[in-house]
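Some notes on the structure that comes next.
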Amino acid sequence: MFVLRAVFLLALLFLLALVGAWLATKDRKYLRLAGRTIQVLTLLAVAFALFYLFERVLLFA
């Protein structure tokens, strides 16, 4: 759980830096990279949630 929190904290800082870079340069590549990062984080969260769910189901089975 600690690793997951650390990954999301670092990703949040990364996203804030990307938005700051976009505000400074108005280059859309930073927004595209931020969007891709959000997609990867969403996929990671869903995978972790499914892993947690299956673990709980298998423990009670």
Side-chain angles (χ1 to χ4, degrees):
M1 189 61 88
F2 174 74
V3 172
L4 191 64
R5 288 180 185 167
V7 166
F8 279 110
L9 178 64
L10 290 174
L12 179 64
L13 292 174
F14 181 67
L15 287 172
L16 288 174
L18 285 175
V19 170
W22 173 73
L23 288 173
T25 63
K26 298 297 184 196
D27 193 354
R28 291 188 56 83
K29 71 179 177 182
Y30 297 115
L31 288 181
R32 285 193 299 271
L33 185 56
R36 183 62 50 108
T37 303
I38 290 171
Q39 287 178 347
V40 169
L41 287 175
T42 303
L43 181 65
L44 182 65
V46 168
F48 179 77
L50 286 173
F51 176 75
Y52 182 75
L53 178 70
F54 289 142
E55 177 185 355
R56 296 306 258 173
V57 167
L58 288 176
L59 281 176
F60 289 118

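Note that these values count all heavy atoms, side chains included, but never hydrogens, waters or copies made by symmetry. Computed from a prediction, not measured in an experiment: that's the story for all the values here.
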Intermediate values then yes/no, side chain to side chain contact (heavy atoms under 4.5 Å, CB included), Thr42 and Gln39: CA-CA 5 Å; Thr42 303; Gln39 287 178 347; 5.7 Å; no
Residue among Asp27, Leu31, Leu33 satisfying side-chain contact (heavy atoms from CB on, under 4.5 Å) with Trp22: Leu31
Heavy-atom closest pair, residues Tyr30 and Leu18: CB-O, 3.7 Å
Path from Phe51 to Leu59 over hydrophobic side-chain contacts below 4.5 Å: no
Separation of Leu53 CG from Leu58 CG (nearest 0.5 Å): 9.5 Å
Verify same cluster id: Phe14, Val19 (apolar side-chain graph, 4.5 Å): yes
Common cluster, Val3/Leu44, ILVMFWY with side-chain heavy-atom separation under 4.5 Å: yes
Phe48, CZ: over 12 other non-hydrogen atoms inside 6.0 angstrom: yes
Atom pair OG1 (Thr37) and CG (Leu41), whose distance is rounded to the nearest 0.5 Å: 6.5 Å
Ala34 versus Leu15, closest heavy-atom pair with distance: O-CD2, 3.6 Å
